[in-house]
Amino acid sequence: MCSENQENQTKQVTSSKDSSNKTDRYKPYRCRHCPQRFGFRSVRKEHEKMHEDPEFKCVFCFKLFRLKGNLKKHFQRHYLHEDEFQKAWDAYIDKDSSGSANSNGATSTQVNTRQALKALKNNQEADNETEPKPKKMKHNPTKESDSKTIKCCNLKDLRYGTSNRFCMAEECRIPPGAKYMRPKTEVDDEIQNYCLECFKDADLDVNDWEEKENTNPELEEIDECGVCRGLFHRVCELNIRSKSSFICKSCSPRRIFNMTRRVGTVNGDECAKFMTNKLNKFIVANNRQKKHQIPVTVVSFSKLKEMATSEMCPELDASDFIMKYSESVKCVYRAIYAYLMIDGIDVPFFSMFVSEFPSHAGQSWCTINYLDTVPYFESKGIKRGAMHGEIILTYIDYMKSIGYENAHIWSNPPKPGDDFIFNIHPDHQTFLGQNGLNDWYVRILQKGKEDGIILSYKTFEEKMKENAFKSMVDIPIFPDSLWSNVLKETNMETSNKKNFKKKLQVQYKKHGVDNFWIKLNEPSGSKPNIPALHPHSIMGDQELFLDKCAEMNLEFSTIRRAKFSSVSLIKLIYDADYF
């Protein structure tokens with residue numbers, strides 16, 4: 001499913017969240033100690049550790065923690081600088097690994113470690129006299145009078161955004177701010193929402209339901225500087241740490257420099273390096289401001305996925321599909337993010353999730369599953385739509401360079417208010433409709449043909465006219481792709497083979513021009529195989545990434561919030577357990 005944002009296009013597109021600021025998706029695994037639900041068993045297992053007795057102890061303040069990741073996050077509060085913290089943390093791990101973390105008193109190992117760490121901290125603070133020492137804060141709301149103003153900006157509306165909820169009725173959405181009906185008690189652990197109109201036709205007992213409003217109750221946090229006692233928006237100050245360690249930019253000019261870091265190549269992924277080099281050459285060649293080139297950085301995360309063939313094909317002819325693809329299908333699932341440096345901060349403006357099949361029924365394929373953008377790319381001489389298209393072609397060019405032969409794209413624009421990857425798009429952003437998006441892809445593919453990347457491209461309708469697909473088994477299918485979903489959903493409507501074929505003809509006509517079959521131009525690489533993988537538990541998974549952003553209110557509705565989200569996500573890239 002792909003969406004494309006063009007220059008000067010605006011409309012808020014957002015992810016679904018409930019009133020507790022979680023995405024409104026079905027999560028089948030419930031915690032055995034509390035009502036919280038999770039989409040994955042492993043995540044639930046990690047959460048359930050929160051209910052166990054604490055076993056990790058801070059050597060400075062003796063505070064106890066159940067999870068080592070939470071101890072590490074707390075430990076960082078004792079330091080202003082990332083390098084100071086890292087050295088101290090490494091010393092703690094090395095010297096205290098044999099200590100008894102769950103004992104009531106400190107062991108001799110812990111006492112020695114604590115003394116060594118305090119000495120290290122004192123020496124480092126003495127070497128850096130330019131950094132003022134923060135005052136210890138005890139939060140007292142009664143001392144914060146209404147006359148105390150915010151020093152960073154004049155923004156009054158600090159409420160975080162929300163996004164579409166999915167109505168139980170087909171093809172229906174509950175937009176932000178709209179009222180909807182929700183059951184007073186959960187049914188089979190599944191969240192059920194109805195918009196008011198659909199609820200009237202649902203023939204349900206109104207006494208079992210209650211009316212809600214699709215809004216996000218969360219507000220931006222306000223922090224007090226530990227030195228000057230001024231109040232600041234956490235988003236404005238890019239403060240991703242706790243309130244107790246906060247020092248404003250005026251009191252500590254180097255704080256932002258010490259907290260933020262470049263996204264860099266992260267993991268040395270070959271696809272990311274190839275795309276970064278080629279895209280920056282494209283910018284240099286086309287940007288009119290020769291003295292102010294805009295650096296773009298691409299990062300990529302990849303993992304191996306395997307799916308049973310029976311799960312991606314209809315039951316009617318499952319045996320034929322299994323004979324064609326074997327019992328299971330393996331692919332490389334890749335997440336790609338393109339960053340632009342804005343005011344010294346790498347901000348993502350483009351992302352897509354793709355699947356790569358080194359051997360799929362005797363051929364190699366790459367497919368684009370999701371594509372999303374936010375309108376923060378700026379360049380004189382390069383339009384946003386052209387830049388987004390160049391990123392797609394650069395990826396296809398990389399796949400050609402490592403021996404891939406074919407590509408497939410489904411042109412599927414989002415419904416107003418839906419998110420594919422980025423959480424909460426700007427209000428002023430719009431998206432192309434189906435016809436406009438089809439035409440945009442045609443222009444991209446035509447340019448790829450002119451550049452020698454693509455040999456040919458054809459719509460599904462054109463392939464049918466060539467009699468390329470004599471039966472449904474001849475149509476290449478991929479996990480969670482257009483034709484896999486079409487075949488399975490049609491099979492759910494009828495198990496009669498004659499009726500199935502009739503319904504399938506309707507789908508053939510419906511999707512005649514919204515998907516493209518692409519032949520790459522003379523692959524230069526050898527026979528493709530599984531590359532070196534660079535997985536990331538959150539950044540490498542489209543659903544988990546969107547869920548995490550919604551949970552932490554990391555949104556891209558304004559450049560201000562996009563910068564804060566970017567700083568948080570880059571921290572997450574290098575330390576998945578930080579938050």
Side-chain angles (χ1 to χ4, degrees), residues 260-287 293-304 331-342 344-358 364 366-373 377 379 382 386-405 407 421 444 448 451-454 520-542 545 566 569-576:
T260 60
R261 65 189 301 178
R262 293 294 309 278
V263 67
T265 55
V266 181
N267 50 30
D269 182 83
E270 292 298 325
C271 176
K273 290 193 290 186
F274 179 96
M275 294 182 67
T276 297
N277 292 336
K278 186 171 181 180
L279 288 174
N280 281 294
K281 289 179 181 178
F282 172 78
I283 292 174
V284 169
N286 294 275
N287 185 26
Q293 300 299 341
I294 305 171
V296 167
T297 303
V298 176
V299 297
S300 172
F301 305 95
S302 54
K303 62 182 178 181
L304 187 64
C331 72
V332 175
Y333 187 72
R334 185 184 299 276
I336 296 172
Y337 301 87
Y339 287 79
L340 175 72
M341 181 180 284
I342 302 175
I345 298 172
D346 286 324
V347 178
F349 66 93
F350 177 99
S351 179
M352 65 180 178
F353 284 74
V354 300
S355 295
E356 301 163 2
F357 302 83
S364 53
C366 58
T367 66
I368 297 179
N369 306 326
Y370 297 91
L371 188 152
D372 201 1
T373 69
F377 178 81
S379 173
I382 306 175
M387 186 65 195
H388 302 157
E390 193 65 25
I391 295 175
I392 295 173
L393 290 178
T394 301
Y395 168 71
I396 294 176
D397 192 21
Y398 171 74
M399 299 309 295
K400 180 176 78 73
S401 72
I402 61 173
Y404 275 73
E405 305 166 309
I421 301 173
I444 292 174
D451 292 347
I453 300 172
I454 294 171
L520 306 192
N521 188 24
E522 296 181 3
S524 54
S526 58
K527 186 177 180 180
N529 50 29
I530 303 296
L533 300 175
H534 302 282
H536 192 281
S537 59
I538 296 172
M539 301 295 291
D541 188 290
Q542 180 261 341
F545 175 76
S566 302
L569 290 172
I570 292 175
K571 185 65 179 177
L572 193 68
I573 287 175
Y574 288 95
D575 185 357

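Throughout, residue positions are numbered sequentially from 1 according to the sequence presented. The structure presented is a predicted model; accordingly, all values stated were derived computationally and were not measured.
- Side-chain contact check for M352 versus Y370: every heavy-atom pair is 4.5 Å or farther apart.
- Between the D575 side chain and the K571 main chain, no donor and acceptor come within less than 3.5 Å of each other.
- Here the closest non-hydrogen pair linking D346 and I570 is O-CD1, 3.8 Å.
- Within the 4.5 Å cutoff, the side chain of F350 has no heavy atoms near those of the M387 side chain.
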Q. Under the side-chain contact (heavy atoms from CB on, under 4.5 Å) criterion, do S351 and F545 qualify, and how do the steps go?
A. CA-CA 11 Å; S351 179; F545 175 76; 6.0 Å; no
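- The two residues K400 and G452 come nearest to each other via the heavy atoms CE-O, 4.0 Å.
- Applying the side chain to side chain donor-acceptor pair (under 3.5 Å) rule to pairs touching residues 332-341 yields D269-R334, S300-R334, R334-E356, sequence neighbours excluded.
- The heavy-atom pair separating Q542 from I421 by the smallest distance is CG-CG1, 4.4 Å.
- Scanning both residues, Y404 and P528, for their nearest heavy atoms gives CE1-CB, 3.4 Å.
- Side chain of T394 to main chain of M275: no donor-acceptor pair is present (N/O by atom type, distance under 3.5 Å, no hydrogens or angles).
- I573 places a side-chain heavy atom less than 4.5 Å from the side chain of F301.
- Remark: C331 SG to L304 CG distance equals 7.5 Å, nearest 0.5 Å.
- With rounding to the nearest 0.5 angstrom, the CD1 atom of I453 is 13.5 Å from the CD atom of E522.
- Under the 4.5 Å side-chain criterion, counting only non-hydrogen atoms from C-beta, I368 is in contact with V354.
- The shortest side-chain heavy-atom distance between P348 and S566 falls under the 4.5 Å cut-off.
- What you find for I283 and V296 is that their closest heavy atoms are CD1-CG2, 3.3 Å.
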Q: Quick one: do N521 and I454 satisfy side-chain contact (heavy atoms from CB on, under 4.5 Å)? Show the steps, please.
A: CA-CA 5 Å; N521 188 24; I454 294 171; 5.8 Å; no
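- Between S364 and P358, the closest side-chain pair of non-hydrogen atoms is not below 4.5 Å.
- Of the possible donor and acceptor atoms, one in the side chain of H536 sits under 3.5 Å from a partner among the backbone N and O of L572.
- Contact of the P531 side chain with the V332 side chain is registered, since non-hydrogen atoms from C-beta on lie closer than 4.5 Å.
- Of the N and O atoms on the side chains of N369 and S355, at least one donor lies less than 3.5 Å from an acceptor on the other residue.
- When each of L393, V298, I391, D397 is paired with K278, the side chain to side chain contact (heavy atoms under 4.5 Å, CB included) condition holds for D397 and for no other.
- Atom-to-atom distance recorded for I336:CD1 and F353:CZ is 9.5 Å, nearest 0.5 angstrom.
- Annotation: salt bridge (charged side-chain N to carboxylate O under 4.0 Å, His left out) contacts of E405 (sequence neighbours excluded): none.
- Between the CD1 atom in I396 and the SG atom in C366 there is a gap of 6.0 Å [rounded to 0.5 Å].
- Under the ring pair (Phe, Tyr, Trp, His ring centres under 6.0 Å) criterion, F274 pairs with Y398, sequence neighbours left out.
- Side-chain contact between F377 and I382 is present, with at least one heavy-atom pair separated by less than 4.5 Å.
- Of all non-hydrogen atoms in G540 and A335, the two that sit nearest each other are CA-CB, 4.0 Å.
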